[in-house]
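Contents: one structure, followed by commentary.
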Amino acid sequence: MSRSVLSIAAALALFGAAHAGITVRHPEIAALYGSSQPEAATGFAELGGFALPKNSSYLQPPAEGKAEQVVVTYQSAGEVVISWVVGHSAVCNDLTCAAVPMAPAGSDVVRYGTSRSSLKARAYGAGGYYTQDYYFPASLNVTGVSDNTQFNYTSGRIYSARLTGLKSATRYYYSLGDDDLAWPGAALQGSMADVSVSVNATETIRKMGLSNPDLLLIVGDFAYANIFDFRGAFNYGPVVSNGLTYSYQPRWDTLGRMLEGVTGRVPVLTTQGNHEMELQLDGSMFKAWLSRFGWNSPYSKSQGTPFYYSANVGPVHMVSISPYVDFVPGTPQYDWLVRDLSSVDRSVTPWVVAMWHAPCHYKELECHRLAVEPLLYKYGVNVALHGHVHGYERTLKCTEDACGTVYLTAGNAGVGLNTEFADSDSLTRFSRPTSYDTASNCTRPVVTNATLVYIAGGKICPTRDPVSGKYCPDTQPAWSARREAAHGFVTLDFLTPTRAVIKYFRNLAPDGEATESVELTRDLR
């Protein structure tokens, strides 16, 4: 990607892992009824941060055999992976009734080229699927359902094909299988996290698409399937029965349809959030995210894993790390991060941008900050992008010599908004950890099998206790330059090796009108 200006659009819609689960009714929601968003808001449910109108087209799958839920994942200059779904998903109440999804012959091919009328190049995709199992507790008082009733979700067939040899600054067109629909491809960049399935999210996605970014970063918390039970009913606990959590997987399909208008033409990079954990009986987690997004990330090129990897995107070295995989010195992720950051060639990628889900100064994951922040400063990471907190925040460079990282939280794409931020001044009940050793009050991930991990319980500072999901307007610390609870998104434009512009867009503002525009400069070090 050799454009002189690289644009990163960040649209993050967050819902905290330990939030009380009641969506805040915000004046914006009423205002959206008359907005230009594509989904009619009539019949809008009380769960404003999680619901679509019942007649929404996103809730309906296409005709059997048609491609849907298209995602273009960035790999490197001249290379992307396209993924798509063919065939309808299925849910049933024992482990054998959901058949292996089938797809018509020819569903595995991508035809592409630089002219819509001449798609001569071919790439073929490997097809697979995943299943998700969970129990339906008798405590929900559904007739005929007991604690030993187990349900199974089987996805449609998910294809992934790698396109190589693409030229920069060139528009490509492609079609999937025998589908007549051609999707335009382009070299673009953007960021999004905690999207949810909601009217608010459809408006954020629409507006972000209008910004024409060069890359879209999806920074965790996608569909919030884990807080909906088998009926598709909002049921935040998350309740665990016989080792399994709620996980209404059809929300992943709906989200894929919502996103594909952007993700089908704008290359993406993703990371996982707390709502992607989705515990299974074998101890595995993140199965849906890995199947739909994670395994397509460019982790092998940087010798990482789907949970942590890097990629050069034009003038930017992008780094994705995870607080859900062990991160302290001596662990594989920490050692990988040191190797990766220490090898950045600033003459090639003068900017370094990192992303992970929970904000660095959000004390729920203080141990992660203690381990990672010194590396960000040592190696001159310029910007860190986050979700998880449902609002917008931009920090100052948090060091005395002004060489530190600017942290951007844009957790405001679709779900209910926070009205108070859980920063260090808010935590009065929990002792604050000062190190990441096992003797301190610090949460660290634990391995549950060879590849998947999760955070052990007991020492996370919950967002609902003591701060009740609020956004802290009276105690905003000196390092925070701006905070507000409003739906919207963020863009980053990298103009030169030393100049970039951060823009924040509210959904309620006219299309293309930035609420905030701030220039960011980089010291030559």
Side-chain angles (χ1 to χ4, degrees), residues 1 3 6-13 70-83 160 162-163 166 168 185-195 205 208-209 211-222 255-256 259-260 262-273 276 286 289-325 333 336-337 340-341 344 349 351-357 381-387 408 410 413 489-494:
M1 202 172 293
R3 293 178 48 167
L6 179 68
S7 176
I8 300 177
L12 311 177
V70 184
V71 179
V72 180
T73 302
Y74 180 84
Q75 302 295 303
S76 63
E79 183 176 341
V80 299
V81 168
I82 298 180
S83 63
S160 296
R162 187 174 300 269
L163 280 59
L166 306 178
S168 63
L188 302 173
Q189 190 173 17
S191 167
M192 177 163 76
D194 293 82
V195 184
I205 294 166
M208 186 182 58
S211 70
N212 290 319
D214 293 305
L215 182 72
L216 174 62
L217 308 176
I218 304 181
V219 196
D221 281 5
F222 289 67
L255 179 67
L259 288 173
E260 68 179 358
V262 175
T263 60
R265 68 180 180 87
V266 181
V268 304
L269 292 174
T270 76
T271 189
Q272 73 291 159
E276 280 73 71
F286 302 105
W289 172 76
L290 283 167
S291 299
R292 296 173 182 270
F293 293 95
W295 291 123
N296 291 329
S297 64
Y299 63 92
S300 62
K301 294 180 179 296
S302 59
Q303 299 180 331
T305 76
F307 295 92
Y308 52 90
Y309 61 88
S310 66
N312 287 344
V313 187
V316 178
H317 182 71
M318 279 299 314
V319 181
S320 175
I321 58 177
S322 175
Y324 308 114
V325 176
Q333 179 176 201
W336 172 88
L337 183 59
D340 184 82
L341 292 178
V344 174
T349 53
W351 296 92
V352 180
V353 175
M355 67 173 177
W356 66 95
H357 184 57
V381 174
N382 304 109
V383 179
L385 290 166
H386 309 290
L408 293 176
F489 64 99
V490 173
T491 65
L492 287 167
D493 293 318
F494 296 94

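Although no hydrogens or angles enter the test, the distance criterion places a donor-acceptor pair under 3.5 Å between the side chain of Tyr74 and the main chain of Asn312. The backbone N or O of Val70 sits less than 3.5 Å from a side-chain atom of Thr263, completing a donor-acceptor pair. His357 contributes a side-chain N or O that, together with a main-chain N or O of Val219, makes up a donor-acceptor pair within less than 3.5 Å. Distance alone, capped at 3.5 Å, is enough to place a donor-acceptor pair between the Glu276 side chain and the Asp221 backbone. Checking side-chain atoms of Arg265 against main-chain N and O of Gly209 turns up a donor-acceptor pair under 3.5 Å. Distance alone, capped at 3.5 Å, is enough to place a donor-acceptor pair between the Gln75 side chain and the Asn296 backbone. Side-chain N or O atoms of Asn382 include one that pairs as donor or acceptor with a backbone N or O of Val352 at under 3.5 Å.
Nearest heavy-atom pair across Thr73 and Ser297 is CG2-CA, 4.1 Å. Residues Gly314 and Thr349 come closest through the heavy atom pair O-CG2, 3.7 Å. Taking all atoms of both residues into account, the shortest heavy-atom contact from Val72 to Gly264 is CG2-O, 3.7 Å. Across Ser302 and Trp336, no two heavy atoms sit closer than the pair O-NE1, 2.8 Å. Considering every non-hydrogen atom in both Phe222 and Thr270, the closest pair reads CZ-CB, 3.9 Å. Contact record, Gln333 with Val325: NE2-O, 2.9 Å, taken as the closest heavy-atom pair.
Atoms CH2 and CG, from Trp356 and Leu385 in turn, are 9.5 Å apart once rounded to the nearest 0.5 Å. Note that CZ of Arg292 and OG of Ser160 are 11.5 Å apart. Values are rounded to the nearest 0.5 Å. The structure places OG of Ser83 at 11.5 Å from CZ of Arg162, a figure rounded to the nearest 0.5 Å. The OG1 atom of Thr271 lies 8.5 Å from the OH atom of Tyr324; values are rounded to the nearest 0.5 Å. Distance check: Glu260 CD to Leu255 CG gives 10.5 Å after rounding to the nearest 0.5 Å. In this structure, the separation between OG on Ser76 and CG on Leu166 is 9.0 Å, given to the nearest 0.5 Å.
You'll find the ring centres of Phe286 and Trp295 outside the 6.0 Å limit.
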Check: Given the rule in the side-chain contact (heavy atoms from CB on, under 4.5 Å) test, do Met355 and Leu269 qualify, once you have shown the distances and angles that lead to the verdict?
Finding: CA-CA 10 Å; Met355 67 173 177; Leu269 292 174; 4.1 Å; yes

Next item on the list: Kindly indicate, with the supporting measurements, whether the criterion side-chain contact (heavy atoms from CB on, under 4.5 Å) is fulfilled by Val71 and Phe293.
Entry: CA-CA 8 Å; Val71 179; Phe293 293 95; 3.8 Å; yes

Item checked: Candidate pair Gln272 and Ser322, rule side-chain hydrogen bond (donor to acceptor under 3.5 Å, both in side chains), full reasoning -> CA-CA 7 Å; Gln272 73 291 159; Ser322 175; 2.4 Å; yes

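Side-chain contact check for Trp351 versus Leu492: every heavy-atom pair is 4.5 Å or farther apart. With contacts defined as side-chain heavy-atom distances shorter than 4.5 Å, the pair Met208/Val266 does not qualify. Two residues are said to be in side-chain contact when any heavy atoms from C-beta on lie closer than 4.5 Å; Val319 and Asp340 meet this criterion.
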